[in-house]
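One structure below.
Positions are given from 1 along the sequence.
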Amino acid sequence: MRVNPFGHMGLAARYFSALDEGEEAAPVKIWIMGANRWRDEQEWPIARTVVTPWYLSSGGQANTSEGDGVLSPQQGSGGPPDAFVYDPANPVPTRGGAVFGVSCVPGGSDQNLIEKRDDILVYTSDILEEEIEVTGTPFVELWVKTDVVDTDFVARLVDVHPDGTARLITDGIIRARYRDDPDDLTRQAEPLEPGKPYLLRIELLPTSNLFKAGHQLQLDVTSSCFPRWARNLNIWDEWGGTLADAKVAHQQVLHDEAHPSRILLPIIPAAS
């Protein structure tokens with residue numbers, strides 16, 4: 001098994017060439033972004049992983065990278081909910097990620113341009129005093145409300161560099177009607193009740209990144225990433241509807257003590 005980021009195919013090619021020359025391969029080979037090196041592991045997920053929650057909070061104005069969204073390993077009072085409007089006629093454009101064959105550049109693209117949109121919530125940590133390695137599959141546990149019967153939520157983990165560059169590390173999406181069994185192909189769709197809080201669990205793609213000291217962790221939350229993922233029209237007719245049938249969704253992300261929205265980071269402890 002080989003875990004390598006989108007956009008590093010040249011490095012992968014050199015590794016495969018080494019195998020062709022007879023080198024013995026480890027069961028798991030990981031390319032660690034940030035550290036920019038390969039590492040051998042004996043299992044996946046890595047046995048020494050420490051799953052660590054980082055919590056979302058704000059003063060209710062987490063919209064855009066200029067907002068007041070905070071990401072922290074400490075759970076506080078959380079603050080009032082954040083809100084944004086998702087209009088299927090104006091989806092957030094895809095910028096980077098594990099994309100092939102769509103009209104954007106794959107990989108860890110800078111998210112600064114799209115983070116200026118008011119329909120993206122941005123939660124940013126303090127500047128890191130020590131490096132943190134995230135290797136594995138992150139999950140986002142998101143408490144939400146909406147006013148439609150179905151909608152999507154997208155989460156992105158971002159590495160903010162000291163110069164302000166916001167590099168996409170990994171992302172994921174959930175269609176709320178399939179919230180109970182997102183991976184079950186025989187799953188049953190269930191409509192949302194407008195105004196009711198729901199806990200959504202969003203699985204991000206497996207990754208490996210060293211967040212260096214001086215950097216910041218960042219989590220973006222929105223409801224679209226088009227054309228990578230088909231936009232949700234916020235209606236029940238998933239296949240027969242057209243853009244003319246679409247509804248505008250008014251979304252809320254809750255993060256108070258009763259609704260602790262958070263990201264679960266698979267952290268690899270630093271070697272002693």
Pairwise distance [atom1]([X]) to [atom2]([Y]) - rounded to 0.5 angstrom:
X: K196; Y: K145; atom1: NZ; atom2: NZ; answer: 11.5 Å
X: D152; Y: C225; atom1: CG; atom2: SG; answer: 10.5 Å
X: N232; Y: T151; atom1: CG; atom2: OG1; answer: 5.0 Å
X: E43; Y: T49; atom1: CD; atom2: OG1; answer: 8.0 Å
X: N209; Y: R167; atom1: CG; atom2: CZ; answer: 11.5 Å
X: L219; Y: I263; atom1: CG; atom2: CD1; answer: 5.0 Å

N/O donor-acceptor pair under 3.5 Å between [X] side chain and [Y] backbone:
X: N112; Y: G164; result: yes
X: D150; Y: L192; result: no
X: T52; Y: V50; result: yes
X: D171; Y: R156; result: no
X: K29; Y: W38; result: no
X: R231; Y: P88; result: yes
X: N234; Y: V148; result: no
X: T94; Y: R228; result: yes
X: R95; Y: D110; result: yes
X: R177; Y: W236; result: yes

Pair [X]-[Y], side-chain donor/acceptor within less than 3.5 Å:
X: E66; Y: T64; answer: no
X: Y178; Y: E238; answer: yes
X: Q218; Y: T124; answer: yes

- prompt: With hydrophobic residues grouped by side-chain heavy-atom distances under 4.5 Å, do V154 and F226 end up in a single group?
  reply: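 Per the 4.5 Å side-chain linkage, V154 and F226 are not co-clustered.
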message: Among L200, V140, I173, which residue satisfies the side-chain contact (heavy atoms from CB on, under 4.5 Å) criterion with F153?
response: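 When side-chain contact (heavy atoms from CB on, under 4.5 Å) is applied between F153 and each of L200, V140, I173, only L200 qualifies.
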- request: Among S261, S72, P260, find the residue that satisfies the side-chain contact (heavy atoms from CB on, under 4.5 Å) test when tested with Y55.
  value: P260
message: Taking ring-ring contact (aromatic ring centres under 6.0 Å, His included) as the definition, give me every residue that meets it alongside H250, ordered by chain and number, with sequence neighbours left out.
response: none
field: Non-neighbouring partners of W229 that pass ring-ring contact (aromatic ring centres under 6.0 Å, His included), sequence neighbours left out
entry: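 W229 satisfies ring-ring contact (aromatic ring centres under 6.0 Å, His included) with no other residue.
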message: Can you classify the ring geometry of H161 versus H215 as parallel (below 30°), tilted (30 to 60°) or perpendicular (above 60°)?
response: tilted
field: More than 12 heavy atoms from other groups under 6.0 Å of CG on L199
entry: yes
- prompt: For D180, does the CG atom sit with more than 12 other heavy atoms under 6.0 Å from it, leaving out its own atoms?
  reply: yes
query: Side chains of W54 and I267: does their closest heavy-atom pair fall under 4.5 Å?
result: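 When only atoms from C-beta onward are counted, I267 and W54 do touch, with a gap below 4.5 Å.
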- request: Would you indicate whether the side-chain heavy atoms of I174 and R201 approach each other to under 4.5 Å?
  value: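 No; the side chains remain at least 4.5 Å from each other.
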field: Sequence neighbours excluded - side-chain hydrogen bond (donor to acceptor under 3.5 Å, both in side chains) pairs with any residue from residues 80-90
entry: S58-D82, D82-Y123, D82-H255
message: Please determine whether side chain to side chain donor-acceptor pair (under 3.5 Å) holds for the pair S125 and Q216, giving the CA-CA distance in whole Å, both sets of side-chain angles, and the decisive distance to 0.1 Å.
response: CA-CA 5 Å; S125 76; Q216 294 167 283; 5.3 Å; no
